[in-house]
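Lettering follows sequence order; numbering is per chain, from 1. Computed from a predicted model, the values in this text were never measured in an experiment.
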2 protein chains.
Amino acid sequence: MQRQQNLTKNQKIVLDVIEKSTEPLKAYSILSNVKKKGINAPPQVYRALDKLVDMGKIHKIESKNAFVACQNSNCKVSKAAAFSICESCEEVTEIDNSKISKYLSSFADKIGMKYKKYNLEFFGLCKKCK
Amino acid sequence: MQRQQNLTKNQKIVLDVIEKSTEPLKAYSILSNVKKKGINAPPQVYRALDKLVDMGKIHKIESKNAFVACQNSNCKVSKAAAFSICESCEEVTEIDNSKISKYLSSFADKIGMKYKKYNLEFFGLCKKCK
DNA sequence: CTCAACCATGTTATATTATTACATAACGTT
DNA sequence: AACGTTATGTAATAATATAACATGGTTGAG
């Protein structure tokens, strides 16, 4: 019953590449990065990505089909995440989500939903670009 | 200078299909729905979808690569949207976003971002399914 | 008017993202 | 050792999205 620790070999390889990247990585870009480590085909990458997302170790930026390492220890619990995405420099930053989480979960209650996670993406201009 | 009114022929056809659907539609499903109306190829659909999203007439559910009609008049202004997505019955509902909008835009200010829009997707179980 | 600029459309081909399906191996449990 | 379970490997293909280029219609400046 793998949970939290004990990543498998492929999961470790994929997570390592994502953690070392300064920007969100796409699945096929990850694949080309790990060919030398013996990962040869898309399903191997996608399987690892799925599990890592499940564990809260990484997040998928849905609007970009790309993956980033979680920068936020509490995601392991909630799997909820919030990002700001700069439309000029493309920088993606994970927002410390404890306040947002509290607010959004109370909101979910109000609309009668049993909420498990959320994904929030802000678009605009970051400090540098505006 | 087309804005708001005056949808083009293809935009009308695509919007019509989306508005009549009770669930989010994917681009290729839209395509197969409108073949009989003379739309033959993906770019015609994707071009219409892009414009309709720009105008705030429809929204893209990023986690599903699917499109729904906007149910919320103020989206035309902000282009921001929030959805609840049931993981059991797959129902997607647009959340009336005026309160969330206010909260999230103040949040964006706080983190120093000049925010243009956001996309928020809640996952969980809807009233019926829980 | 007319032609030049612009935008919408049409069409083919291809790029990109993701999954299915099946075969093999590794590992713990009894 | 035999079994069930999970991880891995591999080939093929499905599903999503865009590039590139050709055609046609509308409009408004000259």
Take atom CD1 of A:Ile61 and atom P of C:dT17, then tell me their distance rounded to the nearest Å. 15 Å
Give a yes/no answer on whether the side chain of B:Lys12 brings an N or O atom under 4.0 Å of OP1 or OP2 in C:dA8. no
Honestly, is B:Lys116 close enough over A:Phe123, meaning NZ or CZ under 6.0 Å from the six-membered ring centre and within 45° of the axis? no
Could you state the CG-P distance from A:Leu31 to C:dA18, rounded to the nearest angstrom? 13 Å
Rounded to whole angstrom units, what separation is found between the CG atom of A:Asp54 and the P atom of D:dA7? 11 Å
For DNA chain C, the expected dot-bracket line (Watson-Crick or G-U under 3.5 Å, [ ] crossing, | inter-strand) is ||||||||||||||||||||||||||||||
Whole angstrom value for the distance that separates P of C:dA8 from CG of B:Leu15: 16 Å
Integer-rounded Å distance: D:dG25 P and B:Asn6 CG: 19 Å
Quiz question: by atom type and distance under 3.5 Å, do the side chains of B:Tyr118 and B:Ser101 form a donor-acceptor pair? yes
side-chain N/O B:Asn40 vs C:dT12 OP1/OP2, d < 4.0 Å: no
OP1 or OP2 of C:dA8 sitting under 4.0 Å from any side-chain N/O of B:Lys51? yes
What integer distance in Å separates A:Leu49:CG from C:dA18:P? 9 Å
Protein-nucleic acid N or O pairs under 3.5 Å, nucleotides 15-22 of chain D:
from	atom 1	to	atom 2	distance (Å)
D:dT16	OP1	B:Lys26	NZ	2.5
D:dA17	OP1	B:Lys60	NZ	2.9
D:dA17	OP1	B:Asn65	OD1	3.3
D:dA17	OP2	B:Tyr46	OH	3.1
D:dA17	N7	B:Tyr28	OH	2.8
D:dA17	N6	B:Tyr28	OH	3.1

Those residues that, when tested against A:Asp16, pass salt bridge (Lys or Arg N to Asp or Glu O under 4.0 Å) (two or more places apart): A:Lys20
Between A:Val14 and A:Ile58, is there a side-chain heavy-atom distance shorter than 4.5 Å? no
Once you round it to whole Å, what is the distance between C1' of D:dG25 and CG of B:Asn10? 14 Å
Round to a whole Å and report the spacing from CD1 of A:Ile30 to P of C:dT16. 16 Å
Carboxylate-amine/guanidinium proximity below 4.0 Å for B:Lys64 and B:Glu90: yes
Would you call the rings of B:Phe122 and A:Phe107 parallel, tilted or perpendicular if under 30° counts as parallel and over 60° as perpendicular? parallel
Would you find a donor on one side and an acceptor on the other, under 3.5 Å apart, between the side chain of A:Glu121 and the backbone of A:Ile85? no
Of the nucleotides C:dA8, C:dG10, D:dG9, which has the atom closest to the B:Thr8 side chain? C:dA8
Other residues, nucleotides, ligands: >12 heavy atoms within 6.0 Å of A:Lys114 NZ: no
So, does A:Gln44 get its side chain near the phosphate of D:dG9, meaning an N or O under 4.0 Å from OP1 or OP2? yes
When the ring planes of A:Phe83 and A:His59 are compared, do they come out parallel, tilted or perpendicular, using 30° and 60° as the limits? perpendicular
Is the phosphate of C:dA25 approached by A:Lys9 (side-chain N or O, under 4.0 Å from OP1 or OP2)? no
